[in-house]
Every structure is written in C-alpha cells, then in structure tokens.
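Here is the structure we will look at, set down as structure tokens.
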Number of protein chains: 2
Amino acid sequence: MGMARTQGSHSDITGPRIRKAALGLFARHGYAAVSMRQIAKEVGVQAGALYNYTPDKQSLLYRLMQDHLKDLLAAYAALDKPTGPEDALRRFVGFHIRFHMERPDEVFIAYMELRNLTPENFSEIEALRRAYEDSLERILQDGQNAGLFSVADTKIATLAVIAMLNGVMTWYRTGGRLSLDEVEQIYWDMVRRAVTA
Amino acid sequence: MGMARTQGSHSDITGPRIRKAALGLFARHGYAAVSMRQIAKEVGVQAGALYNYTPDKQSLLYRLMQDHLKDLLAAYAALDKPTGPEDALRRFVGFHIRFHMERPDEVFIAYMELRNLTPENFSEIEALRRAYEDSLERILQDGQNAGLFSVADTKIATLAVIAMLNGVMTWYRTGGRLSLDEVEQIYWDMVRRAVTA
DNA sequence: ATCGTATATGAACAAGCGTTCATATAGAAC
DNA sequence: GTTCTATATGAACGCTTGTTCATATACGAT
C-alpha cells in the first residue's frame, strides 16, 4: 500500500549518498546531535534502509574518518620527492593547507568527533593521524640534524605547526580577501621563520 | 514516601555544583551527548531540580561559555602594562598558555560547542572571543607600525598565533616531560621568530 | 513552636532515539 | 514472461530525551 517509491538496485549509489549526507550533517550539527532519520531524510530514504549500508551509526562515523585519513596519507605519499628539508617543509605546508581546504567537512569531523568513537575505533584513527604527524616530525628532525632548522623540541614544533595550519580552516572562505596562493605564502613565511636556525 | 533526602536551602551551593558537573560532562562527552539526568546524577539530585537554576539546557551551556570568556577578558585586562610591542606579545603568549592550561574543560567547551548555541547566544559569545583576539591583533599592529614585527597580514597572523597556542591544550599534561615554564619559552621562541622583522 | 518559603522529589508528558524485521517491489537473469 | 534476489518500506521495539508540575520537606524567621 502507499504511494510507489523508487526502488531496486541502487546499492552503489545509495551507499555513497548516505556517507555524503552523514558527512555534511555530522559536520554541521555534530555526530551526537544527528539522528539516523535525519540522514535518511537527506538521502530520500527510510531510516531502516541505512542498515543495508552500515551496521550501525558508529561505523558510519568511523568509516568517514578512516576514508579521510587514508586519503590524506595516500595523497601525501604521492607527492614528488623533495630536494631537502626546507623544500620538504614548504611542500608540506602547501599540501596540508590545500588538501584540508578542499575537505572542510572531513577535517572538521576527524577533529571534533574523536570522542564519539569506540575505544578500538579511536585507536585506529589515532594511529593514522600519528602517521601523518610523524612525516612532518621527520622533516623537522632532518632539518635540525642538517643544521637548517632550530627548534627546541621537534615533537612540539610538529604539533605547533599543524595547529597553526589547521587554524586556516576556521576562517578561510573561498572568494574572500585572499587567494589560496596568498594564504599558502603567508603561512609558509611564518612557519619557515618559526623553525629556521 | 521514599527515603528522606537532604533538602532545604542549598541554593548558593547547588547552583555552582550543577555548572561544575555540566562543565565536566560537556567537556568529556559533548553537549549533545549529555543528558540533564546525567548532570543531575553527578550533583546527587533529581533532574527536575536543575530547573531551579537554569531555564533550560541551552542556557547552561551559554552561561559556562560566557563566564569563561568574561573571566578571560578580565584577567587579561588586569595584566601590567607592557613596555612595548615585543614585551606585550611575550606577555600575551605567557598569559594565554597559562590561563587556558588552568581551565582545560572551559577551553574545550568554548571551542567545540559553539554550534550548539542558539544564533543569539552564538553572536554574544563570538563578540567576546573577538574582543580577545583584537587585543592580540592590536599588539601585532603596534609592532608592525613600529617596525619591530613583519607580518604579511595582522589578522591572519593573529589567528595563526592563537591557533598555535591553543594547540598546547591538545597535548600538554601536567607532570609530563616539560614544565610549564619550558613550554612557555618554546612557544614564545616560535611566535617571536614567526612575527619578528 | 509555628509559619512561610525556598528547594527538592518523583511521576508524567510528548517526542525522538537507534535498531530490527516482516513485507513489498523493482530490476536482472534466464 | 517468469523467477530470483537485492533493495526498500513502514511499523514496531524498548529506551531516553528535555521539560513541567503537583507534592513533600527542611530550614530561617517570628
């Protein structure tokens, strides 16, 4: 009974649409504040149908974070080999700003919703994040060893640089006063001066 | 009926206890994930009693943020007058790190729960935050005018410095490898180098 | 000792939650 | 054109949610 709805074989379409809807809603309202019914509504489907694509709400969040961080690591690994520590740092700054700027929702979620992961899921996500941070710390350590950089503590400097770069996401809006190139240049100047010997 | 409970005139005790409990729970689990009953349980009271102290859950969050930011502005305003832009910046870095380190829960909430404020409450909180950021921007602008600092954009530099300093809260733990003095020194070094001409 | 009031209880409300499942349907395969 | 299966519905489940309110109690003042 009831009006007919579109049904049938939409598996490889509905799945991504669900994740996309969840991504936007989680980013805008927070994981805990978003219901499965809201996600379903955005996709144009009933709540029960979501469970053909995710075992539960938690897994939906986990998958979004995991996909994001794996993409991040893969994209960074695909960069050209740098010519030295300073070049590597410059590339890192540019890569980080651009990659994150293209994915504001993913970044926001991977940042804010860590506490809503189960302990096991949290550990896995944390490992991915640490792998990324380690690649920056290696750059700083190499530069330090080569006498090019001068930081009191490479671990702290790593976190300080990343925190500073992440700050871009809180204020930058496309079409604003500054182009992405300008932003990249400004941040690179500050980072370089902050760590250079 | 039922077992007797402590009752009577506890107004000026219960109120702060409720806010303290809410503070801890909001910080640990997030505003949306915490129920009024959980807060009440932590205080040792029934959920209904909370409404003698707050008109609703939203106001509880708003009050916590407002108190925090007003404390922040008052404490900063009470600092000694600096001798110049560089001294002012050094003081700002030290003040910011220490003040925020003493209030990890408040900082976390004022940061993460902005989206759970009503639009009106959000505007008020944003105004307070901007007032604080403006005091840093004024320092940078003064230093820039005096030829002591050299930043491409004072607004961006302001946000970059604050983002960098806020990063401390994500990793620093009392009793860890570094003392607060050391942390302050390390960050001051990086900030100074990032903005100095 | 009695009263008055501030403060708490505990039950109730309607609404919404995540999740499950029997049932229906649409499209692919033969 | 019939069958088979993947995909969807929509109702239902037990629970929790924020909030209200009539009622009870304990303290401060008289």
Side-chain angles (χ1 to χ4, degrees), chain A residues 1-23 25-26 28-64 109 113 115-118 120-121, chain B residues 1-23 25-26 28-64 109 113 115-118 120-121:
Chain A
M1 71 184 66
M3 63 190 111
R5 296 291 175 83
T6 309
Q7 282 176 327
S9 177
H10 295 134
S11 178
D12 38 356
I13 285 194
T14 309
R17 289 220 301 154
I18 288 171
R19 286 188 288 277
K20 189 169 183 179
L23 182 73
L25 289 169
F26 289 167
R28 192 151 36 258
H29 307 293
Y31 173 79
V34 172
S35 73
M36 294 299 267
R37 284 172 180 82
Q38 285 175 57
I39 297 169
K41 189 171 201 175
E42 185 125 325
V43 177
V45 107
Q46 295 298 317
L50 302 184
Y51 291 84
N52 289 322
Y53 303 94
T54 183
D56 46 35
K57 191 188 176 190
Q58 161 74 202
S59 304
L60 202 44
L61 176 63
Y62 175 58
R63 166 95 190 252
L64 290 174
I109 288 174
E113 304 295 353
R115 62 182 162 194
N116 288 309
L117 292 172
T118 62
E120 306 80 39
N121 287 347
Chain B
M1 75 183 64
M3 64 190 114
R5 297 290 175 84
T6 309
Q7 282 175 327
S9 177
H10 296 134
S11 177
D12 38 355
I13 285 195
T14 310
R17 289 220 301 155
I18 288 172
R19 285 188 289 277
K20 189 171 183 178
L23 181 74
L25 288 169
F26 288 168
R28 192 150 39 259
H29 307 293
Y31 172 79
V34 171
S35 72
M36 295 299 267
R37 283 171 181 80
Q38 285 173 57
I39 298 170
K41 189 172 201 175
E42 186 124 324
V43 177
V45 107
Q46 295 297 318
L50 301 184
Y51 291 85
N52 289 322
Y53 303 95
T54 183
D56 47 35
K57 192 187 176 190
Q58 161 74 204
S59 303
L60 203 43
L61 176 63
Y62 174 58
R63 166 95 190 253
L64 290 174
I109 288 175
E113 304 295 354
R115 62 182 162 193
N116 287 309
L117 292 172
T118 62
E120 306 79 37
N121 288 346

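Computed over heavy atoms, backbone and side chain alike; hydrogens, waters and symmetry mates excluded. Remember, it's a predicted structure, so these values are computed and weren't measured experimentally. Lettering of chains follows the sequences in order, A, B, ..., and the numbering in each one begins at 1.
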Exercise for review: Find which nucleotide of DNA chain C each of A:R37 and A:A49 is nearest to by heavy atoms, and output the residue with the more 5' nucleotide.
Suggested key: A:R37

Practice item. Check every strand shown and say whether A:V43 touches a base, only sugar-phosphate, or nothing at a heavy-atom separation below 4.0 Å. Key: nothing

Review point. Please give, in whole Å, the distance from C:dT20 P to A:K57 NZ?
Key: 15 Å

Exercise for review: State, with a plain yes or no, whether a side-chain heavy atom of A:E113 is found less than 4.5 Å away from one of A:N116.
Suggested key: yes

Practice item. Would you mind reading off the distance between A:M36 atom CE and D:dA11 atom P, rounded to a whole angstrom? Key: 19 Å

Check your understanding: Between B:G48 and B:S35, which has a closest nucleotide on DNA chain D that is more 5'?
Key -> B:S35

Check your understanding: Do B:R28 and B:L23 come within less than 4.5 Å of each other through their side chains, counting heavy atoms only?
Key -> no

Check your understanding: CG of A:L50 versus P of C:dT20: gap in Å, rounded?
Key -> 12 Å

Review point. Taking CD from A:Q46 and P from C:dT20, how many angstroms apart are they, rounded to a whole number?
Key: 17 Å

Exercise for review: Please determine if a side-chain N or O atom of A:Y51 lies less than 4.0 Å away from the OP1 or OP2 oxygen of C:dC21.
Suggested key: no

Practice item. Please determine if a side-chain N or O atom of A:Y53 lies less than 4.0 Å away from the OP1 or OP2 oxygen of D:dA8. Key: yes

**Study point:** Nucleotide D:dT17, atom P - distance to CD of B:Q38 in whole Å
**Key:** 6 Å

Review point. Just checking A:Q58: base, sugar-phosphate only, or nothing, at a heavy-atom cut-off of under 4.0 Å?
Key: nothing

Check your understanding: Would you say a side-chain N or O of A:T14 is under 4.0 Å from OP1 or OP2 of D:dT7?
Key -> no

Check your understanding: Hey, does A:L60 have a side-chain heavy atom less than 4.5 Å from the side chain of A:I39?
Key -> yes

**Study point:** Within-4.5 Å side-chain heavy-atom neighbours: B:R63 and B:R19
**Key:** yes

Review point. To the nearest angstrom, how far is B:I13 atom CD1 from D:dA26 atom P?
Key: 17 Å

Point to revise | Gap between atoms CG and P, on A:D56 and C:dT20 respectively (whole Å) | key: 8 Å

Point to revise | Any A:E42 side-chain heavy atom under 4.5 Å of A:L25 side chain | key: yes

Practice item. Could you state the atom-to-atom distance from NZ of B:K41 to P of C:dG10 in whole Å? Key: 14 Å

